[in-house]
Number of protein chains: 2
Amino acid sequence: MPNSSVNEDYLKAIFYLGRDGSRVQTTALARQLGVSKPSVTSMLKRLAGKGLVDYSSGQGATLTEEGRLATMRVVRRHRLLETFLVEVLHLDWSEVHAEAEVLEHHLSARMVDAIDRLLGHPSEDPHGHPIPDAQGRLRTRELVPLGDLAAGERGTVREVRTAQSGRLQRWKELGLVPGAAVAMRSKQDLEDVMHVRVGDRELATGTEGVDGVFVEREE
Amino acid sequence: MPNSSVNEDYLKAIFYLGRDGSRVQTTALARQLGVSKPSVTSMLKRLAGKGLVDYSSGQGATLTEEGRLATMRVVRRHRLLETFLVEVLHLDWSEVHAEAEVLEHHLSARMVDAIDRLLGHPSEDPHGHPIPDAQGRLRTRELVPLGDLAAGERGTVREVRTAQSGRLQRWKELGLVPGAAVAMRSKQDLEDVMHVRVGDRELATGTEGVDGVFVEREE
DNA sequence: CCAGAGAGTTAGTCATGCCTAACAGCTCAG
DNA sequence: CTGAGCTGTTAGGCATGACTAACTCTCTGG
Ligand SMILES: [Mn+2]
Ligand SMILES: [Mn+2]
Ligand SMILES: [Mn+2]
Ligand SMILES: [Mn+2]
C-alpha cells in the first residue's frame with residue numbers, strides 16, 4: 001500500500017514534466033524514465049487506481065493533490081540528501097544526484113528529520129533547488145534561462161538544472177554556481193554564440209553549453 | 001545480475017545462522033526472515049544458481065566463498081551505517097538497526113568510503129560488533145553469554161546481539177553496554193535468577209533478560 | 001508397529017514492473 | 001488524398017519473490 005521506489009520515480013517525473021501546467025504525455029514519461037511506452041500506460045493506470053494521478057486513456061496524466069503531496073515528500077528527501085552528501089560527507093555536487101536518486105526512496109521520517117536538523121533546516125540544495133518543507137510547500141521564484149538575458153542585462157545564477165555530472169563539473173570550473181553574478185555582454189544569435197561575464201571571468205558559449213543554468217534578472 | 005536487497009538479506013541470514021559451522025535449515029531461514037518455507041526452498045535454488053550458496057535438496061545451505069564475500073560487504077555497510085547514524089545523526093543505538101537494515105542495500109561504494117573516512121575507519125559498530133574491512137575480513141573474538149559466567153567470575157561486556165529496540169533501550173538503562181565491567185555475584189539455577197554487578201550497580205535477572213549480552217571473560 | 005509432528009519439496013497462483021509485437025488514430029508532406 | 005511518422009493502447013510474456021495446498025520422508029513416543 002505504501003508507494004514503491006518505482007511509483008515515486010514516476011510521480012517525480014510527472015511532477016517535473018508537468019511544471020508548466022500541461023498534462024504529461026505517455027511518450028514524454030517513457031523517454032524521461034527510460035522505459036517503454038506500454039510500461040508507462042500500464043503504470044499510469046495503477047497510479048490512477050491509487051488516487052495519485054488523474055489519467056484518462058489518451059489524455060496524458062496530472063498529479064492529484066494526494067499525488068502532489070507524495071511527490072513533495074520524495075523531492076524533500078532527495079534535496080535534503082544532496083545537501084547532506086555535499087555538506088557532511090563532502091561528496092562533490094556533481095556526484096550527489098545519482099546517490100540521492102536511489103536513497104530518496106529508502107529514508108525513514110526519523111532520518112529525514114535528523115538530517116534536516118543537522119543541516120539547520122536548509123532551504124536549498126547544492127544546485128539551488130528549493131527544498132519543500134515538511135508540509136509539502138515549495139518556494140517558487142521567477143527565474144529565466146541564462147541564455148534569455150539580452151545583451152547588456154545582468155543577473156545572478158540561482159539554479160542549475162541537469163542530472164549530467166559532467167556538465168555540473170564544467171559549470172563549477174566556469175564559476176556558474178548559485179550566487180554567481182552574470183552579465184550578458186553580447187549575443188551573435190545566428191552563430192549561436194554569446195559572451196557572458198561570470199564573476200570576473202569572460203565566457204563564450206553556445207545556448208546548449210549553458211542550457212539548465214537559471215538566473216534571477218537584475219531589476 | 002547484481003544481488004537484490006532480498007538476496008542480500010537471505011545471505012546475511014545464512015551467514016548468521018551458520019556461524020557455528022552447521023548447514024542452515026530451510027525452516028530456520030523461513031523463521032528468521034519471516035517468509036514461508038517454500039519461498040526459502042525456491043530462493044536457495046536461485047542463490048545456488050548464482051554461485052552464492054551451496055545447496056542440495058533437503059541438506060540445508062552454506063555460503064560459498066563468493067557468497068561469504070558478498071555477505072561481508074553487506075555486513076560492512078550495515079555496521080558502518082549504524083555507527084554513522086549514532087555518531088553523526090545522533091540517533092539512539094536502539095533505533096539504528098531498523099534503518100540500517102534497509103539502507104545497507106542501497107549505499108554506493110563511494111558513500112561507504114565517505115562514511116568510513118568520516119568516522120575514522122571504525123572497527124566496531126555501536127553494539128560492539130566488528131566491522132568487516134574492505135577486503136571482507138572479520139575480526140573474531142572469544143565471547144561468552146553473560147549468563148555463562150560462574151558465580152564469582154568477572155568480565156567485560158563486548159557485544160549486545162538483538163534486533164529488538166526495547167531490549168537495547170533497557171540494557172542501556174541498566175548500563176549493559178560494550179565496555180561495561182560485570183561480575184557474577186550468585187546464581188540460583190533452579191529459579192533461573194542471577195545476581196550480576198554491572199559497573200557499580202546490582203542487577204537481578206533471569207537468563208532470558210540478558211540473552212544476547214556477550215562478555216569477554218576476565219583471565 | 002504406527003500415528004503424528006517436523007522438515008522440506010513440488011505445484012500452482014499472485015503482484016509488481018518490465019518487455020516486444022501489433023495495431024489504431026492523427027497530422028502533415030508530397 | 002495518401003502514406004509516413006507519431007502517439008498511445010492492447011495483448012501476451014517474462015523475472016522476481018511472495019503465498020497456500022498438498023505431498024513426501026524421517027523420527028519418535030506410546
Ligand atoms: Mn529515484
Ligand atoms: Mn539538486
Ligand atoms: Mn536488510
Ligand atoms: Mn549493530
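Throughout, a chain's letter reflects where its sequence line sits, starting with A, and its residues are numbered from 1.
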Check: For B:Lys12 and B:Glu104, what are the C-alpha separation, side-chain angles and deciding distance, and is it a salt bridge (Lys or Arg N to Asp or Glu O under 4.0 Å)?
Finding: CA-CA 11 Å; B:Lys12 281 205 312 177; B:Glu104 63 186 355; 2.8 Å; yes

Next item on the list: Summarise how protein sits on nucleotides 19-26 of chain C as a single string, 5' to 3': B when a protein heavy atom is under 4.0 Å from the base, S for sugar-phosphate-only contact, - for no contact.
Entry: BBB-----

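- Computed from coordinates, the B:Arg31 CZ to C:dG8 P distance equals 11 Å when rounded to whole Å.
- With a 6.0 Å cutoff to the six-membered ring centre and a 45° limit on the axis angle, B:Arg68 does not count as a cation-pi contact of B:Phe15.
- B:His121 and B:Asp133 share no side-chain donor-acceptor pair at under 3.5 Å.
- A salt bridge is absent between A:Glu216 and A:Arg141: the closest approach of a Lys/Arg side-chain nitrogen to an acidic carboxylate oxygen does not fall below 4.0 angstrom.
- Classified by interplanar angle (parallel below 30°, tilted 30° to 60°, perpendicular above 60°), the ring pair B:Phe84/A:Phe84 is perpendicular.
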Notebook entry, point to check: So A:Asp116 and A:Arg76, salt bridge (Lys or Arg N to Asp or Glu O under 4.0 Å) or not? Walk me through it.
Noted result: CA-CA 10 Å; A:Asp116 186 43; A:Arg76 175 172 166 79; 3.3 Å; yes

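- Here the two rings, on A:His78 and A:His129, have centers that are 6.0 Å apart or farther.
- The pair A:Glu82-A:Arg77 does not count as a salt bridge, with every side-chain nitrogen at least 4.0 angstrom from each carboxylate oxygen.
- What separates CG of B:Leu29 from C1' of C:dA7 is a distance of 13 Å, to the nearest Å.
- Here the two rings, on B:Tyr10 and B:Tyr16, have centers that are 6.0 Å apart or farther.
- Contact between the side-chain N/O atoms of B:Thr41 and the OP1/OP2 oxygens of C:dT10 is not found at any separation under 4.0 Å.
- As a whole-Å value, the separation of B:Met43 CE from C:dT9 P is 14 Å.
- Looking at residues 44-59 of chain A, you'll see A:Arg46 sit with a heavy atom under 4.0 Å from some atom of DNA chain C.
- Proximity of residues 3-21 of chain A to DNA chain C (heavy atom under 4.0 angstrom from any strand atom) is restricted to A:Ser4, A:Val6, A:Asn7, A:Tyr10.
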Next item on the list: Please assess B:Ser39 against B:Ser36 for the test side-chain hydrogen bond (donor to acceptor under 3.5 Å, both in side chains), listing each intermediate value before the final yes or no.
Entry: CA-CA 5 Å; B:Ser39 297; B:Ser36 69; 2.9 Å; yes

